[in-house]
Structures are given as structure tokens and as C-alpha cells.
Amino acid sequence: MLLSRPNILRSLGRTVAPCRSLHNTAWLWCFRSAVSLDKIYPESDLDLTKPQQIPKTKGHNFSGYVPMDKVQVTYSRSSGPGGQNVNKINTKVDLRFHLASAEWLSPELKEKLATKHKTSITSDGFLVIRSDKTRSQQLNLAEAMDKLRHLIYTAAFVPPPPAVEDIERARRSHC
Amino acid sequence: MASQGTEKALALLRRLPRVSLGNLKPNPGAVKSARRGRGIYGGKTHGAGSKGSGQRQNFMRLGFETGNTPFYLRFPYQNYYKGHHMRLSYAPLCMGKLQRMIDTSRLRTDVPVDITQLSATQLFSINPMEKMGGIMLKDEGIDHFQATLNLEVQWATEAVIASVERNGGTITVAYYDPISLQAALNPMAFFKRGVAIPRRMLPPQNLIDYYSDPKNRGYLADPTEVARERFVLAQKYGYELPDIRSSPNQEMLLERKDPRQIFYGLQPGWVVNLEDKVILKPTDPELLEHYAS
């Protein structure tokens with residue numbers, strides 16, 4: 001027979017109140033003060049492991065989400081000065097993916113990328129980004145991700161149509 | 001058995017009346033009379049010494065050095081030390097050293113690693129009385145860090161948070177006021193004092209924003225927002241966020257202290273008796289209310 005919460009309290013007579021654990025799966029006996037998280041955020045589920053909604057990319061609107069299982073990351077040694085550290089540690093990051101078969105990008109974005117950033121695309125059709133800016137592999141990967149997003153955002157950028165006043169001014173200056 | 005002196009003292013305590021203002025007196029010679037010396041032995045110089053500014057009642061001001069530029073005027077104000085007495089410093093711990101401590105079995109990974117666990121390695125000297133707030137994690141060696149930990153430190157940078165979370169661990173930054181920090185650094189010495197575990201105080205004004213921010217993984221931040229920030233950081237640093245729910249140490253990784261708690265599993269108000277291996281808990285409602293406030 002499962003003991004419900006009020007029954008547990010009565011039978012054990014504890015001075016500690018039961019509380020919801022952060023992951024909501026088990027009753028855990030823990031201390032709750034007046035400034036515990038459930039009192040500061042009463043409407044929240046207080047779930048650290050809450051699965052997040054992956055934002056969608058539609059048309060020219062790139063959501064910013066890059067699925068890491070769909071891109072290939074390789075590490076190699078960086079160039080430049082640095083002695084033993086640069087000779088031995090793989091800090092250079094090579095981030096690539098096949099542009100034409102990337103489902104996480106919309107067809108419009110892929111087309112724009114192919115035209116605007118064709119210098120970053122290999123003959124096999126892989127978009128390649130390299131980074132060896134810092135001494136750390138992780139920070140270089142962060143930089144490569146940033147570069148990738150920058151490429152996509154600049155390719156996706158559609159300049160706004162000229163304002164009516166600007167068209168009028170141009171027409172007048174040409175007369 | 002207690003010594004004779006102790007027995008005598010305890011016997012006194014048993015038979016003497018309660019201490020009150022009516023039966024207290026300072027030790028002879030402890031209190032000096034403020035009156036000017038007069039008469040046979042207070043005469044001649046009347047407590048004013050010989051000659052000089054002291055006898056002539058024309059005293060030199062505090063800090064005066066008989067003409068040369070005094071110490072307190074020799075050095076101009078410097079902006080760099082403004083407010084130094086209000087600023088906290090932290091003992092640095094780089095990720096490479098943390099990994100080395102784990103690899104050499106100096107630090108356990110099967111329990112949540114907080115300031116108490118780190119202090120037990122005896123590799124840090126943290127003095128709360130010298131305005132030290134605890135331990136801060138630094139960026140160096142993040143590439144070598146591979147452990148899955150439930151970390152609780154006092155300060156951490158973004159790259160450190162990313163390196164902990166990419167390995168499937170969790171990290172929280174938490175504030176400890178000086179008294180709580182002293183207790184947390186050496187729990188055994190604290191329990192031997194026989195004092196009730198105090199409530200941990202909330203951060204001061206200049207730090208409350210830092211500890212309430214989900215981006216810093218503050219202990220006062222909303223865990224749902226922290227979950228979102230974990231996702232965002234994983235995207236920023238280019239790794240797949242490991243699922244904690246499917247991890248075997250899920251419970252350990254999600255274990256958190258209440259903001260008023262100093263030790264895992266122990267509440268404010270409890271007295272830990274190491275000799276008899278007993279925990280004494282208050283039952284008075286007023287005390288319970290105070291310690292839970």
C-alpha cells in the first residue's frame with residue numbers, strides 16, 4: 001500500500017516538511033526555509049532538466065539553432081608561435097557540414113549561402129569554418145560556431161526596401 | 001574525570017545566585033578614576049606629568065609628528081583601493097587542477113562537490129575573516145576537464161560553466177556569509193563547539209544580482225530559466241547538452257541545498273553531538289519558526 005503524504009507525516013511525526021524535489025520524480029525529505037526556491041518562484045516547476053523547444057528555421061529567418069549531430073567537428077594543431085603547447089595540443093577547430101543536404105537550413109538560406117559565401121564551400125559542397133584564435137579547443141569551437149551563425153545571418157539579411165523619401169530624393173537628384 | 005578546579009567551579013555555579021547587575025563588580029585596578037589627582041599622593045603634578053604640551057593642557061592633535069609630514073598625509077588617495085573593505089576575494093581553482101584532484105582520488109565525485117568537500121582536500125587556505133568569499137573556478141585547463149560533477153562554488157565564468165555542463169554535470173554558484181563559510185570550511189571543528197547550526201545569510205546588495213542570474217547558474221535563480229540557459233550555452237559553445245534525466249547519477253546531480261542551509265542533510269537549528277553521535281533538534285515552535293525563516 002502506498003503511503004500518501006499526510007499519512008507519512010502522521011506516522012513519523014517529523015518536524016521537517018516534505019518537499020518536491022527539483023526533478024519532481026520522488027518525494028525527498030529536505031529542508032525548506034522562507035527563502036527556498038519554491039517560495040521565491042511559486043509559479044515555476046523548478047525543473048532544471050526541462051526539455052527545451054528547438055526553435056524552427058523558416059524561410060529567411062534563421063533561428064540560430066545549429067544541431068551539433070549534423071555538423072562534423074575535427075581538431076588539429078594550430079599554427080603560429082607557442083612552443084610545446086602549440087606543437088602538442090589540438091586547439092584548431094574545423095567545423096564542416098554538407099550544405100545541400102542540411103535539413104536544418106531552409107532552401108532559401110542554402111541558396112543564399114551558396115551564392116554569398118561560396119569561398120567557404122569546398123568542391124564537394126561542404127561549408128567549412130576554421131578557428132585557431134585562442135589557446136583553448138572549447139573557446140575555438142565557440143568562435144567557429146559564432147562565425148557559422150554570422151555567415152548564415154549575413155547571407156539571410158534582406159535589406160529593407162528604400163523609403164519613399166529616399167526614392168523621391170534620388171529621382172530629384174537625377175533630374 | 002574533571003579536575004578539582006573544574007569541580008569547584010561547577011559547585012560554585014550550583015550554589016551561587018543568578019548573575020545580575022546587582023552582584024557584579026570589576027576587578028581591583030580594572031577601572032581607573034577619571035578625576036584629576038588631588039591631595040597627598042595625587043599632588044604636585046596632579047596626574048599631568050612634567051612640562052610639555054601634556055602638563056600645559058595644549059595637546060598635540062592625533063597623528064601630529066612634531067612638524068614633519070605625518071604618515072596619514074604622506075600618501076595621496078588612490079582610486080584602486082576605494083571600497084576594498086567591502087569587496088570579497090576568492091581562492092582560485094582552475095579546471096585542470098580540479099581534474100587532477102579527481103584523478104588522484106583527492107576529491108570524491110560520487111557526492112555533490114561543494115566548499116566543504118573542496119576544503120577537505122586541504123589544498124586551499126580560505127580565511128573568511130580576511131574577506132574571502134570561498135572558491136572561484138577559472139578557465140585554465142577547461143579542455144582537460146572530463147568529470148561529471150555536481151559542483152557548488154562561489155564564482156564561475158561562462159567557459160567553466162560550459163565545460164562542466166558539456167560533461168553531463170551541473171554547476172551552481174552560491175553565497176556563504178563569513179560565519180556560515182567558517183562552519184562549512186571545517187564542519188568537525190564547528191560541531192565540536194556545540195553551537196546550533198546557523199541559517200546561511202542571503203548575499204549583500206552588490207552580489208544579489210549575480211546570484212539570482214540564471215546565466216551565472218546562481219543558487220537563487222529559477223531552475224526553469226537555468227534549464228533554458230543551459231540549452232543556450234550548449235548552442236553557443238557547440239556541444240550537445242547531455243540529458244541528466246537518463247544519467248545514472250541523476251539524483252546526485254540534482255541535489256541542491258536550500259538557500260538557508262550550510263550542510264547537505266543538516267538543517268539550521270540542529271546541534272550535532274559528535275561524542276554521543278546524536279543530533280539534537282529544537283522542538284520549541286518559536287525556535288522552529290526562527291530557523292525556518
Side-chain angles (χ1 to χ4, degrees), chain A residues 14-17 19 21-26 28-41 43-55 63-71 73 75 89-91 93 95 131 134-146 148-149, chain B residues 139-145 158-159 162-163 166 170 172 199-200 202 212 219-228 230-241 243-247 250-251 253-261 264-269 281-283 288-289 291-293:
Chain A
R14 286 197 187 205
T15 52
V16 176
C19 78
S21 68
L22 283 177
H23 57 287
N24 280 350
T25 54
L28 283 177
W29 290 99
C30 56
F31 170 63
R32 266 190 322 179
S33 68
V35 294
S36 65
L37 289 177
D38 58 330
K39 302 225 175 55
I40 306 174
Y41 306 106
E43 279 110 46
S44 167
D45 354 309
L46 304 179
D47 191 2
L48 194 76
T49 56
K50 187 172 180 177
Q52 300 295 313
Q53 277 278 13
I54 292 169
S63 62
Y65 178 74
V66 177
M68 290 316 294
D69 49 348
K70 303 282 193 311
V71 303
V73 181
Y75 305 106
I89 312 292
N90 290 344
T91 50
V93 162
L95 182 85
S131 171
T134 72
R135 290 163 60 92
S136 160
Q137 201 182 70
Q138 288 183 30
L139 296 178
N140 284 343
L141 180 53
E143 217 244 327
M145 294 293 289
D146 189 47
L148 171 61
R149 288 198 178 94
Chain B
D139 285 5
E140 275 196 59
I142 46 173
D143 291 346
H144 304 294
F145 188 72
E158 195 189 61
S163 79
R166 88 191 303 140
T170 53
T172 317
R199 301 175 303 156
R200 188 171 21 139
L202 289 175
S212 311
Y219 73 125
L220 296 172
D222 187 357
T224 317
E225 283 175 38
V226 173
R228 169 126 188 94
R230 279 166 55 91
F231 175 71
V232 167
L233 198 71
Q235 273 294 295
K236 179 172 178 179
Y237 277 73
Y239 57 90
E240 280 239 37
L241 191 63
D243 188 18
I244 294 181
R245 285 184 181 182
S246 55
S247 150
Q250 184 199 28
E251 261 184 50
L253 289 172
L254 294 175
E255 204 177 328
R256 293 280 178 276
K257 289 181 200 171
D258 184 270
R260 290 282 196 209
Q261 231 179 333
Y264 284 109
L266 294 175
Q267 279 184 38
K281 303 176 188 180
T283 50
L288 287 172
E289 201 196 308
Y291 283 117
S293 63

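Sequence lines set the chain letters: A, B, ... in the order given, protein chains first and strands last, and positions in each chain run from 1.
Annotation: side chain of Leu37(A) is in contact with side chain of Pro223(B) (closest heavy-atom distance under 4.5 Å). In this structure, the side chains of Leu48(A) and Arg256(B) come closer than 4.5 Å at one or more pairs of heavy atoms.
The most heavy-atom pairs under 4.5 Å with chain B, out of Gln52(A), Lys50(A), Arg135(A), come from Gln52(A). For chain B, the option among Met145(A), Gln138(A), Gln137(A) with the highest count of heavy-atom pairs below 4.5 Å is Gln138(A). By number of non-hydrogen pairs under 4.5 angstrom with chain B, the leading residue of Asp69(A), Leu148(A), Asp146(A) is Asp69(A). Put simply, of Val93(A), Ile40(A), Val66(A), the one with the most heavy-atom pairs under 4.5 Å next to chain B is Val66(A). Comparing Leu266(B), Leu202(B), Asp243(B), Ile142(B) by heavy-atom pairs within less than 4.5 Å of chain A, the highest count is held by Ile142(B). With chain A as the partner, the residue from Gly141(B), Ala221(B), Ala162(B), Ala159(B) showing the most heavy-atom pairs under 4.5 Å is Ala221(B).
Side-chain N or O atoms of Gln261(B) include none that pairs as donor or acceptor with a backbone N or O of Phe31(A) at under 3.5 Å. Looking only at distances, no side-chain donor or acceptor of Tyr291(B) sits under 3.5 Å from a matching main-chain atom of Ser33(A).
Of the two parts of Arg199(B), neither the backbone nor the side chain holds a non-hydrogen atom closer than 4.5 Å to a non-hydrogen atom of chain A. Neither the backbone nor the side chain of Tyr264(B) has a heavy atom closer than 4.5 Å to any heavy atom of chain A. Only the side chain of Thr170(B) comes within contact range of chain A, judged by heavy atoms closer than 4.5 Å.
The two atoms that bring Lys236(B) and Arg149(A) nearest to each other are CA-NH1, 4.1 Å, heavy atoms only. Across every non-hydrogen atom of Tyr41(A) and Ser212(B), the tightest pair is OH-O, 4.4 Å. Across Val35(A) and Pro259(B), no two heavy atoms sit closer than the pair O-CG, 3.2 Å.
Between Arg245(B) and Asp47(A), at least one side-chain nitrogen of the basic residue sits less than 4.0 Å from a carboxylate oxygen of the acidic one, meeting the salt-bridge criterion.
Here the CZ atom belonging to Arg32(A) is positioned 15.5 Å from the CZ atom belonging to Arg260(B), to the nearest 0.5 angstrom. Rounding to the nearest 0.5 angstrom, the gap separating the CZ atom in Phe231(B) from the CD atom in Gln53(A) is 9.5 Å. Taken to the nearest 0.5 Å, the NZ atom of Lys39(A) stands 8.0 Å off from the CG atom of Asp258(B). Note that the NZ atom of Lys257(B) and the SG atom of Cys30(A) stand 13.5 Å from one another [nearest 0.5 Å]. Rounded to the nearest 0.5 Å, atoms CG (Asp143(B)) and OG (Ser136(A)) are 3.5 Å apart.
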